[in-house]
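My questions all concern the structure below.
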There are 2 protein chains.
Amino acid sequence: MVLSAIKTAVEELVAERGSERVTIPMVAERAGVNPTSVYRRWGDASTMINDIATYRLDPGRPLPKGDDLRTLLTEWADEIIRHYSDPVHAAILRGGAASAGQSQSDCLRNRRAEAGMLVQQAAPVPGITVERVIDHIVAPIVYRVIFIPDSLDETLAPRLVAELFD
Amino acid sequence: MVLSAIKTAVEELVAERGSERVTIPMVAERAGVNPTSVYRRWGDASTMINDIATYRLDPGRPLPKGDDLRTLLTEWADEIIRHYSDPVHAAILRGGAASAGQSQSDCLRNRRAEAGMLVQQAAPVPGITVERVIDHIVAPIVYRVIFIPDSLDETLAPRLVAELFD
DNA sequence: GGGTTAATGCAAACATTGTTGCGTTAGACT
DNA sequence: AGTCTAACGCAACAATGTTTGCATTAACCC
């Protein structure tokens with residue numbers, strides 16, 4: 001299928017060269033596809049990358065279930081960290097960051113929606129709001145993914161959650 | 001001066017079009033400079049943008065002085081927030097994010113150094129480390145600047161500091 | 001001043017990227 | 001099967017971006 005070949009090519013190239021250095025002819029060649037097809041679908045490289053970024057980041061995956069917010073958040077954060085530990089996904093997120101603020105391209109909005117669902121679904125904990133989850137769980141993870149990717153490890157999720165709760 | 005004209009042109013264009021859609025000929029034209037000069041200095045657009053991002057973000061400005069870490073951090077955070085409330089600076093930061101992870105281009109490393117200096121210089125507070133300042137002050141600010149710029153206001157700095165200390 | 005070096009402008013070749021019209025294929029529906 | 005539509009490939013073309021060699025300027029250092 002054409003689209004999945006393109007998707008793979010984009011991911012590889014963004015990881016190899018950074019989102020700013022990926023061009024449509026490059027993607028087309030690697031995907032074994034005619035550049036025209038890519039141009040017609042997206043118009044230019046940055047909308048293509050952003051589209052694929054949000055596509056990839058929002059699989060309809062199930063959220064952790066349960067009552068204990070602390071456990072829920074730890075599992076959820078850990079899954080996000082594992083996801084972005086893949087350099088390909090990290091690179092795609094950087095591409096998403098570049099086009100954020102532009103038009104309506106925010107590849108993380110679904111993560112924020114997830115945070116809201118978790119906080120609502122669990123037994124309420126005084127002082128734990130969606131905003132604080134964003135600021136103290138999501139933001140540190142995303143910051144590290146983008147700027148200091150080597151600092152991601154399996155201790156991060158429990159630590160951030162602990163720092164939020166205690 | 002050539003360099004400052006280029007710097008201004010890059011900032012304007014990145015804010016107008018997003019970092020991914022800024023080309024060297026565009027910058028050269030707006031700066032009233034020959035494209036050749038830009039090519040020779042930086043080679044390509046993304047290293048140029050990243051270079052200017054770090055340049056702009058690291059003026060040799062003085063850090064807040066004092067003994068009380070809480071006050072220091074609040075002032076420091078507030079200054080960062082005010083800086084990035086300018087859409088031009090926010091756009092440039094997004095450009096820096098795009099090329100982070102690539103080689104050694106991390107336009108925020110000096111902010112982290114500053115955090116270290118503040119924590120060291122002030123009277124020590126148990127449990128407040130550089131890492132926690134990064135995770136719970138810098139990261140939320142940067143996250144908001146990049147993805148939800150409208151959410152920056154003058155209440156953010158004190159709130160983040162309070163959440164870190166209490 | 002004379003000499004050296006680095007930065008810049010200019011113009012021309014060159015390479016890459018983006019666009020368009022048209023023909024072909026593939027799938028869906030009747 | 002026949003028809004319709006959307007997606008794709010192809011090739012020619014147009015526009016843009018990049019490199020190069022050379023001349024000019026400006027700053028710096030004897």
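Throughout, protein chains are lettered first and strands after them, A, B, ... in sequence-line order, and every chain is numbered starting at 1. None of the values given here were measured: they were computed from a predicted structure. Only this structure's heavy atoms are used, side chains among them; waters, hydrogens and symmetry mates stay out.
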Whole-Å distance, I24(B) CD1 to dT8(C) P, equals 14 Å
Of dA7(C), dG9(D), dT17(C), the nucleotide closest to the side chain of T23(A) is dT17(C)
From CE of M26(B) across to P of dT16(D) the rounded distance in Å is 12 Å
Check your understanding: Looking at side-chain heavy atoms only, is the closest gap between F165(B) and L69(B) below 4.5 Å?
Key -> yes
Can a donor-acceptor pair be found between the side chains of E163(B) and H136(B) at a distance below 3.5 Å? no
From CD of E29(B) across to C1' of dC10(C) the rounded distance in Å is 16 Å
Between dG18(C) and Y39(A), is there an OP1 or OP2 to side-chain N/O distance shorter than 4.0 Å?
-> yes
note: N34(B), atom CG; dA23(D), atom P; distance rounded to Å ~ 17 Å
With a 4.0 Å cutoff (strictly under), does any side-chain N or O of S37(A) reach OP1 or OP2 of dA7(D)?
no
Taking atom CD of E79(A) as the centre, does the number of heavy atoms from other residues, nucleotides or ligands within less than 6.0 Å exceed 12? yes
May I ask you to say what T36(A) touches in the nucleic acid, namely base, sugar-phosphate or nothing, with a heavy-atom cut-off under 4.0 Å? base
Here the distance between atom P of dA7(C) and atom CZ of R41(B), to the nearest Å, is 7 Å
Establish, with yes or no, whether the OP1 or OP2 oxygen of dT19(D) is under 4.0 angstrom from a side-chain nitrogen or oxygen of R40(B). no
Separation of dT17(C) atom P from D44(B) atom CG, nearest Å, is 13 Å
Rounded to whole Å, CG of L3(B) lies from C1' of dA26(D) at a distance of 16 Å
Under-4.0 Å salt bridge between E11(A) and R30(A): no
Atom CH2 of W42(B) and atom C1' of dG17(D) are separated, to the nearest Å, by 17 Å
